Amino acid sequence: RGAQAARSPSVTPSNGHSSNPQPPAAPSVRMLARKLGVDLTRVHGSGPHGRILLDDLTPFLAPKPSNGVRAA
Amino acid sequence: MPDVRETPLLVIGGGPGGYPAALHAADHGLKVTLVDEGAKLGGVCLNRGCIPSKALLHTAKIIREAHEMAAYGVTFGDPQFDLAKLRDFVQTKVVSKLTGGIGQLTKGRGVDVVKGRAVFTGPNTVEVSGDQPQTIRFQNCIIATGSLPAMPKPWAIGDDRVMDSTGALLLPDVPKKLLVIGGGYIGLEIGSVYAALGSKVTVVEALDRILFMADKDLVDPLERRLKTEFEAIYTNTKVMGLEATKDGIAVKLEGAGVPASLTFDRVLVSVGRRPNSAGLGLDKAGVHVSERGFIPIDKQRRTNVPHIFAIGDVGEEPGLAHKATAEARVAVEAILGEPAEWNPRAIPAVIFTDPEIAWAGVTQQEADKGNIPYEALTFPWAASGRAVSIARTEGRTKMLVDPETKRILGVGIVGAGAGEMIAEGVLAIEMGAVARDVLESIHPHPTLSETVMESAELAYGAATHVGKPRKVAK
Amino acid sequence: MPDVRETPLLVIGGGPGGYPAALHAADHGLKVTLVDEGAKLGGVCLNRGCIPSKALLHTAKIIREAHEMAAYGVTFGDPQFDLAKLRDFVQTKVVSKLTGGIGQLTKGRGVDVVKGRAVFTGPNTVEVSGDQPQTIRFQNCIIATGSLPAMPKPWAIGDDRVMDSTGALLLPDVPKKLLVIGGGYIGLEIGSVYAALGSKVTVVEALDRILFMADKDLVDPLERRLKTEFEAIYTNTKVMGLEATKDGIAVKLEGAGVPASLTFDRVLVSVGRRPNSAGLGLDKAGVHVSERGFIPIDKQRRTNVPHIFAIGDVGEEPGLAHKATAEARVAVEAILGEPAEWNPRAIPAVIFTDPEIAWAGVTQQEADKGNIPYEALTFPWAASGRAVSIARTEGRTKMLVDPETKRILGVGIVGAGAGEMIAEGVLAIEMGAVARDVLESIHPHPTLSETVMESAELAYGAATHVGKPRKVAK
Ligand SMILES: Cc1cc2nc3c(=O)[nH]c(=O)nc-3n(C[C@H](O)[C@H](O)[C@H](O)COP(=O)(O)OP(=O)(O)OC[C@H]3O[C@@H](n4cnc5c(N)ncnc54)[C@H](O)[C@@H]3O)c2cc1C
Ligand SMILES: Cc1cc2nc3c(=O)[nH]c(=O)nc-3n(C[C@H](O)[C@H](O)[C@H](O)COP(=O)(O)OP(=O)(O)OC[C@H]3O[C@@H](n4cnc5c(N)ncnc54)[C@H](O)[C@@H]3O)c2cc1C
């Protein structure tokens with residue numbers, strides 16, 4: 001459901017940018033990133049709100065020679 | 001002359017840190033030796049902590065609920081207590097059943113269990129004393145020796161009417177008047193049990209409120225209720241001395257508007273716990289210890305000595321059973337050479353009083369202190385159909401979200417069953433969920449879990465059952 | 001001559017579909033008119049469904065728990081019932097409080113509430129009869145007229161000892177012998193209430209087991225318990241006729257080993273509900289209706305007439321309050337021109353018996369039928385410290401995962417509090433979580449929510465508290 005056209009009329013705008021140092025990624029994604037030695041703060045998340053999905057780590061898996069489909 | 005045993009992995013301590021570490025390692029094919037000096041495996045948690053306290057709290061809850069049913073037109077006679085039977089239920093049907101189960105699990109997984117006290121004699125050896133004296137030489141070691149109740153010297157007057165949590169959970173009797181020193185969760189939980197059994201309970205807390213680590217708005221509903229169940233809660237109050245007399249323990253107090261002296265039939269000292277690291281021979285192994293007795297560890301739960309790890313209460317705070325168990329997995333995976341890392345975004349905390357209080361992730365007071373920007377979205381349970389139908393409307397569910405992205409930073413709940421409900425909050429935080437993820441996840445009606453969904457709704461303006469958005473932006 | 005009112009949005013029906021639709025639309029600045037023919041807003045759910053049944057079930061639970069405390073050494077006298085007070089609690093303190101609250105919410109949001117029965121007279125008009133007769137001309141309309149208890153003709157013998165759920169929830173008295181026709185959740189929930197109040201309850205079910213839509217392994221623990229609380233549960237049994245006699249309702253039964261005839265003081269007919277679409281004038285509006293009376297709708301909850309929507313029980317199954325509320329949001333957002341879509345991956349279902357049964361996502365029997373590959377991971381509550389300490393070890397937690405990716409397809413739970421626990425399962429499925437996400441999310445100890453974590457652990461071999469992995473691959 002793509003209805004995230006955030007309507008948030010009465011939200012007090014805050015000074016800060018979203019300062020969370022921990023990229024939005026599920027534990028399974030974080031584990032795979034550790035296995036692959038990937039720094040998640042440098043990965044672009046394709047999920048809703050930039051959430052990093054397992055698929056986003058596919059480019060970091062051992063290169064499969066024939067199909068170069070999924071380069072980020 | 002003691003035996004010498006060789007083991008790839010030695011685990012010292014069989015509590016919720018140690019025994020899962022041993023099981024987990026065994027499941028991955030490691031040969032493990034587990035040493036514990038207790039009569040039964042399970043550590044503090046199973047033998048004299050989480051488990052007996054919760055069995056008693058369950059009893060207390062039903063006693064209160066039965067009483068409150070009068071408002072619904074259902075009246076019971078006053079409950080009769082058979083303390084011996086209650087003790088037996090807790091110790092035999094609950095504690096021994098579970099500790100026995102752990103014995104079976106370790107056996108089933110082929111873990112060698114050694115009964116005795118282990119003391120390091122070098123970086124790769126411990127000496128075990130007790131029934132099975134021996135030397136154990138290990139390749140890797142996980143220290144999970146836990147913690148002990150703090151008993152400040154001046155209060156250790158050698159009278160068994162002055163108890164720590166271990167003593168109080170054995171239910172020696174139901175004192176007419178009980179003093180609880182320390183308004184932390186252990187004191188309040190055990191105090192609630194005795195209050196339900198008929199004791200007049202007084203709580204003394206040195207700080208200006210009970211449960212200081214929890215957000216005040218979450219503590220308020222509990223405090224209001226405890227004030228009706230307890231004789232008194234004295235905050236900003238110091239205990240200046242205990243004296244054993246024929247009539248009871250005479251206690252000197254110091255605090256504004258607080259009686260200078262009171263006498264109690266029993267006193268529970270619950271002012272914290274200290275890491276169990278003394279006398280372990282850590283210096284012989286070369287393992288550092290902090291001034292307060294904690295063993296410093298890294299993200300893999302490794303001490304300064306690379307093949308020695310520490311988990312549970314003896315390592316870092318918070319001292320919680322589930323934290324110890326989760327660390328066990330990290331330490332074992334590190335030993336197995338996997339890229340394990342201790343990096344939870346939410347360690348839930350639960351106070352099993354009635355109402356319960358539970359939180360996970362960032363608390364509001366932490367966010368305030370750390371200048372973390374947030375919006376606090378609070379859904380009052382008075383607007384929950386479920387809460388109304390069980391007559392428990394004092395609860396509230398609070399969600400802290402990032403003001404920009406609406407990412408969920410923390411969840412706090414006070415109310416009946418909060419301890420089960422917080423699991424959803426933990427998952428949301430760990431998954432990196434935004435409020436919309438929770439609000440669009442359909443929550444069954446009528447349940448209290450709907451309050452989590454409706455607090456998430458507030459991030460986008462209004463919730464179905466709250467007229468005016470209650471939102472605090474920071 | 002009736003008034004004519006113009007409204008941008010008309011909502012017909014003030015149940016858990018209709019009133020949230022009205023509130024949600026109003027929150028977004030739409031002018032809304034809500035018509036309901038009931039005496040109080042809230043629909044079936046609040047007035048004669050979810051809410052009164054759960055208030056009574058809560059009472060029943062405490063009666064049972066108080067009784068079971070004898071095993072812990074705590075005995076209460078037999079409970080005394082003041083039925084008038086219990087009825088008053090349910091109707092006044094719970095139902096009226098909540099329906100009154102909805103009245104306030106609609107007022108606070110500026111929703112125009114019209115009391116009366118609406119019947120379509122054209123594609124943009126309804127005629128309202130009742131105290132406030134009028135014509136309403138609308139631009140958009142949401143039909144949320146809900147459902148009615150099914151009462152098969154031959155059993156409608158015009159004797160008020162034969163009740164539907166609405167009548168039974170009014171607690172006319174506590175019959176010595178109650179027959180429940182239909183082993184679905186409504187019959188079992190209400191039957192449990194009467195059993196706790198002292199009725200001898202017999203259940204008759206035509207199919208070969210009760211609660212056929214739930215996985216059998218989740219129903220088993222409930223069935224075992226109900227068999228001790230109920231007089232009898234007859235499956236594969238048909239009711240051949242009811243007859244009013246002086247001594248009660250004589251019931252003819254047909255089933256192997258089942259008495260051919262029995263007499264009961266009261267009979268509850270709970271054999272399902274039918275969509276409330278007849279007599280609505282749908283033909284005048286040009287809205288199609290299926291043979292069974294449901295209104296066909298698309299992903300935006302739109303009927304074949306583009307500006308007329310239908311949500312809740314009158315649209316699609318399952319007939320559940322939270323499904324109706326979630327659809328309300330979709331329909332309103334569609335009307336607001338947003339890209340809304342009805343596409344939940346998990347609609348939780350809860351049966352509020354004791355133990356409760358709850359599930360979300362794919363059930364095992366659905367996976368079997370649909371040839372969906374899965375692994376079923378079952379964690380028995382006998383291995384849960386929390387379950388042991390509350391003496392409720394009959395529960396089990398089951399997770400269905402994709403064998404390849406370990407993505408969570410479904411979660412099913414039977415046990416005390418399953419209805420609250422399932423929220424985590426819904427979130428996990430909606431977030432696309434894999435088992436590792438749940439297992440690495442720290443669950444507080446000691447809680448029943450740990451069983452969800454441990455079932456997830458089984459996806460990777462073994463769980464801490466289960467010796468041999470219980471895994472069914474398919
Ligand atoms: C009353 C009470 C209630 C609590 N309730 C909860 C709760 O509800 N939830 C929660 O999460 N936490 C609760 N806790 C805290 C919880 O019990 C601890 O966090 C947990 O037990 C810590 O686990 P651990 O494995 O680190 O050590 P422990 O459980 O302390 O176990 C350490 C074990 O090591 C053994 N040992 C120590 N030194 C040696 C040695 N040299 N040689 C051999 N064996 C040794 C000890 O005998 C012991 O068995 C409670 C605590 C108390 C006191
Ligand atoms: C005993 C019982 C227990 C239940 N327990 C649960 C539970 O625990 N959880 C759960 O999720 N579901 C439960 N349900 C089901 C739940 O009640 C329904 O799914 C839910 O009420 C459907 O909501 P709705 O908005 O579609 O319609 P309804 O709640 O049926 O409301 C329809 C409303 O429309 C009004 N109306 C109808 N026609 C017209 C008209 N022409 N003009 C004006 N007004 C009209 C009616 O007066 C009514 O107020 C239970 C049902 C019963 C009977």
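Bear in mind the structure is a predicted one, so any value in this text is a computation, not a measurement.
- Here CD1 of I102(B) is found 10.5 Å from OG1 of T464(C). Values are rounded to the nearest 0.5 Å.
- For H465(C) and Y19(B), the ring centers sit closer than 6.0 Å to each other.
- Note: T59(C) leads I429(C), L46(C), T59(C) in heavy-atom pairs under 4.5 Å with chain B.
- Neither the backbone nor the side chain of R87(B) comes within less than 4.5 Å of any heavy atom of chain C.
- Listed for the T397(B) side chain is no donor-acceptor partner under 3.5 Å among the backbone atoms of I413(B).
- Although no hydrogens or angles enter the test, the distance criterion places a donor-acceptor pair under 3.5 Å between the side chain of E430(B) and the main chain of R345(B).
- Annotation: maximal heavy-atom pairing with chain C below 4.5 Å, among L23(B), L57(B), L320(B), D437(B), occurs at D437(B).
- Contact annotation for I422(B): only side-chain heavy atoms (C-beta onward) come within less than 4.5 Å of a heavy atom of chain C.
- With hydrogens and angles disregarded, no donor-acceptor distance shorter than 3.5 Å links the side chain of H443(C) to the backbone of A423(B).
- For a residue to count as touching a neighbouring chain, one of its non-hydrogen atoms must lie under 4.5 Å from one of that chain's; by this rule D88(B) does not touch chain C.
- Residue contact with chain B, scored on non-hydrogen atoms closer than 4.5 Å, involves the backbone of A346(C) exclusively.
- For L427(B), the parts lying under 4.5 angstrom from a heavy atom of chain C are both the backbone and the side chain.
- Looking at M421(B), the atoms closer than 4.5 Å to chain C (heavy atoms on both sides) all sit in the side chain, from C-beta outward.
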Quick one: side chains of residues 70-77 of chain C, donor-acceptor pairs under 3.5 Å with protein atoms, not counting sequence neighbours, listed by atom name and distance.
unit_1	atom_1	unit_2	atom_2	d
Y72(C)	OH	I390(C)	O	3.4

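- Ranked by heavy-atom pairs shorter than 4.5 Å toward chain B, the options S441(C), A55(C), P444(C), S449(C) are led by P444(C).
- The candidate with the highest count of non-hydrogen atom pairs below 4.5 Å against chain B, out of A391(C), G108(C), A66(C), is A66(C).
- In D78(C), the CG atom is not crowded: 12 or fewer heavy atoms of neighbouring residues, nucleotides or ligands sit closer than 6.0 Å.
- Both the backbone and the side chain of I63(B) come within contact range of chain C, each with at least one heavy atom under 4.5 Å from a heavy atom of that chain.
- Judged purely by atom type and a 3.5 angstrom limit, H58(C) has no side-chain atom pairing as donor or acceptor with the backbone of S389(B).
- Most heavy-atom pairs under 4.5 Å with chain C, from the set P20(B), G385(B), G425(B), A321(B): that is G385(B).
- The most heavy-atom pairs under 4.5 Å with chain B, out of V438(C), V426(C), L197(C), come from V426(C).
- Under the 3.5 Å distance criterion, the side-chain polar atoms of E327(C) are matched with a main-chain donor or acceptor of G312(C).
- Residue with the most contacts toward chain C among Q104(B), E424(B), E457(B), Q80(B): Q80(B) (heavy-atom pairs, distance under 4.5 Å).
- Interface residue M431(C): backbone and side-chain heavy atoms are both found under 4.5 Å from chain B.
- Under a 3.5 Å cut-off, the side chain of E189(B) and the backbone N or O of F352(B) do form a donor-acceptor pair.
- When all heavy atoms are compared, the tightest approach of P348(C) to H322(C) is O-NE2, 2.7 Å.
- Only the side chain of E356(B) has a heavy atom closer than 4.5 Å to any heavy atom of chain C.
- Interface remark: of the candidates R386(C), E440(C), M453(C), R386(C) forms the most heavy-atom pairs closer than 4.5 Å to chain B.
- Counting heavy atoms of neighbouring residues, nucleotides and ligands inside a 6.0 Å radius, atom NE2 of H28(B) exceeds 12 of them.
- Chain B forms the most heavy-atom pairs under 4.5 Å with one residue out of E420(C), K97(C), K107(C), K323(C), and that residue is E420(C).
- Contact of E450(B) with chain C is not made at all, since no heavy-atom distance falls under 4.5 Å.
- In this structure, chain B has a heavy atom under 4.5 Å from the side chain of V350(C), while its backbone stays farther away.
- Looking at A326(B), the atoms closer than 4.5 Å to chain C (heavy atoms on both sides) all sit in the side chain, from C-beta outward.
- Applying the salt bridge (Lys or Arg N to Asp or Glu O under 4.0 Å) test to every pair with at least one member in residues 67-77 of chain B, sequence neighbours left out, gives these pairs: E68(B)-R225(B).
- Residue contact with chain C, scored on non-hydrogen atoms closer than 4.5 Å, involves the backbone and the side chain of L448(B) alike.
- Atom CG of residue L86(B) and atom NZ of residue K93(B) lie 11.0 Å apart, to the nearest 0.5 angstrom.
- Heavy atoms of P344(B) lying under 4.5 Å from chain C belong exclusively to its side chain.
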